Trainee: 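The structure that follows is given in the form of structure tokens.
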Amino acid sequence: MALIVQKFGGTSVADIDKIKNVAQKIINVKKAGNQVVVVLSAMAGETDRLIGLAHKAADSPDEREYDSLISTGEQVTVTLLAIVLNAMGYSARSFLGFQVKILTDKAYKKARISLIHTDAIKKELKKGTIIIVAGFQGVDKDNNITTLGRGGSDTSAVALAAALKADQCDIYTDVDGVYTTDPNVCNKARRLDKISYDEMLEMAMTGAKVLQPRSVEMAKKYDVPVYVKSTFTDKGGTLVTKEDKDMEREIISGVTYDRDQVKITIVHVPDKPGVAADIFSPLSEKNIFVDMIIQNASLEGYTDLTFTVSKKDLKDAQKIVESTAKKVGAKKVEVDDQVAKISIIGVGMASHSGVAAKMFKTLAKEGVNIMMISTSEIKISCIIQRKYTELAVMALHDAFNLEKKK
Ligand code: ASP
Ligand code: MG
């Protein structure tokens with residue numbers, strides 16, 4: 001008997017018929033003799049709707065109440081699924097984060113799971129009950145409800161799989177796996193049968209929406225095999241797993257893009273020790289994630305500092321940066337909100353030369369200007385003008401021959 005965690009995303013539970021379809025999938029796994037723990041998202045669009053309400057209610061809603069509010073979408077889906085399963089003659093029970101006890105830190109909107117109590121779930125599993133856990137939510141040590149960041153139910157599922165030492169974690173979504181790039185942008189995109197944790201993590205961090213980055217981090221840390229599958233077809237699927245030493249190391253496995261980027265430049269900053277710390281500390285104190293950073297070579301004691309943040313953080317970031325710019329004696333702050341980040345990812349690039357050059361040449365051939373570059377061992381990212389996103393994705397997908405399996 002295996003213990004299987006199955007997570008279903010928002011489009012899979014968008015209405016009662018779809019919830020009934022999910023129930024059938026769960027029953028199939030249960031009938032095959034497995035123990036099942038299900039994790040659900042809210043109905044598609046519901047979390048956005050709740051966030052909209054909160055912002056209608058106040059410009060900057062109280063964070064404690066905000067998290068409590070936006071976690072309610074999952075309460076609806078888990079209870080409905082339990083009702084459906086019970087009516088079909090299967091014993092099923094829903095659990096909210098605090099009922100399991102999924103303990104988190106106190107960082108509202110982006111809480112991290114610190115501990116999962118498994119006693120309550122294990123007791124019910126032993127009785128043959130199907131367990132249905134609300135994704136995306138937890139509770140801090142003072143009993144405040146917290147949420148794990150957008151897309152956080154993936155992380156709930158992987159964390160539960162790790163805590164319960166599950167044999168498998170299946171993430172059901174509306175696509176049938178992880179692709180070489182977004183099939184909506186490039187019709188030559190190819191589904192990958194397998195991808196390493198490291199590559200998946202880079203893909204998720206650079207814009208692939210299929211898994212929340214934290215869920216991949218967690219899967220890697222606890223060695224949880226994750227299958228990305230479609231709720232609507234039995235075909236396909238991608239296994240996210242440890243890098244297979246015998247596996248041919250693809251130079252490039254995928255091309256990703258992220259349109260959710262804005263570029264901020266602080267012009268004419270005095271070039272002396274402590275300035276970067278002065279600029280970035282107040283941002284991190286406000287939990288604003290700074291992605292790419294470049295500092296130009298210094299000219300007569302002054303330099304320009306450019307970095308990117310997520311669009312949603314622009315207003316806050318700009319306010320903070322304008323005040324620090326004044327404090328450190330910089331000339332001005334410039335914002336470009338028409339940029340995108342385009343990345344290529346592959347474990348093989350660590351041992352191949354010329355990959356970056358090929359990327360830059362490909363973009364140049366299309367007349368796409370590169371504004372910023374950052375690299376890691378298995379990733380190269382460029383900031384470009386947003387209007388060239390699709391063009392760049394298609395050109396890079398072709399240039400690295402991703403359509404065909406080599
Ligand atoms: N419902 C949450 C969201 O929309 C969590 C999730 O779907 O994973 O972000
Ligand atoms: Mg998701």
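All heavy atoms count here, side chains included; hydrogens, waters and symmetry mates do not. All of these numbers come straight from a predicted model, not from anything done at the bench. One-based numbering along the sequence shown. Just so you know, ligand 1 is whichever comes first in the structure, and atom 1 is the first atom listed for that ligand.
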Trainee: For Y66, is the NZ or CZ atom of K109 found under 6.0 angstrom from the centre of its six-membered ring and inside 45 degrees of the ring axis?
Mentor: yes

Trainee: Would you confirm whether the ring centroid of F232 sits within less than 6.0 angstrom of the ring centroid of Y172?
Mentor: no

Trainee: Who are the residue neighbours of ligand 1 when the rule is a heavy atom under 4.0 Å from any of its atoms?
Mentor: S41, A42, T47, E74, F136, R150, G151, G152, S153

Trainee: Taking only Lys NZ, Arg NE, NH1 and NH2, and the carboxylate oxygens of Asp or Glu, determine whether D304 and K332 approach each other closer than 4.0 Å.
Mentor: no

Trainee: Please check if the number of heavy atoms outside K188 that lie under 6.0 Å from its NZ is greater than 12.
Mentor: no

Trainee: Going by the side chain to side chain contact (heavy atoms under 4.5 Å, CB included) test, name the single residue among T324, V290, I320 that passes it with F280.
Mentor: V290

Trainee: Does the distance from a Lys or Arg side-chain N to an Asp or Glu carboxylate O, for K341 and D291, drop under 4.0 Å?
Mentor: yes

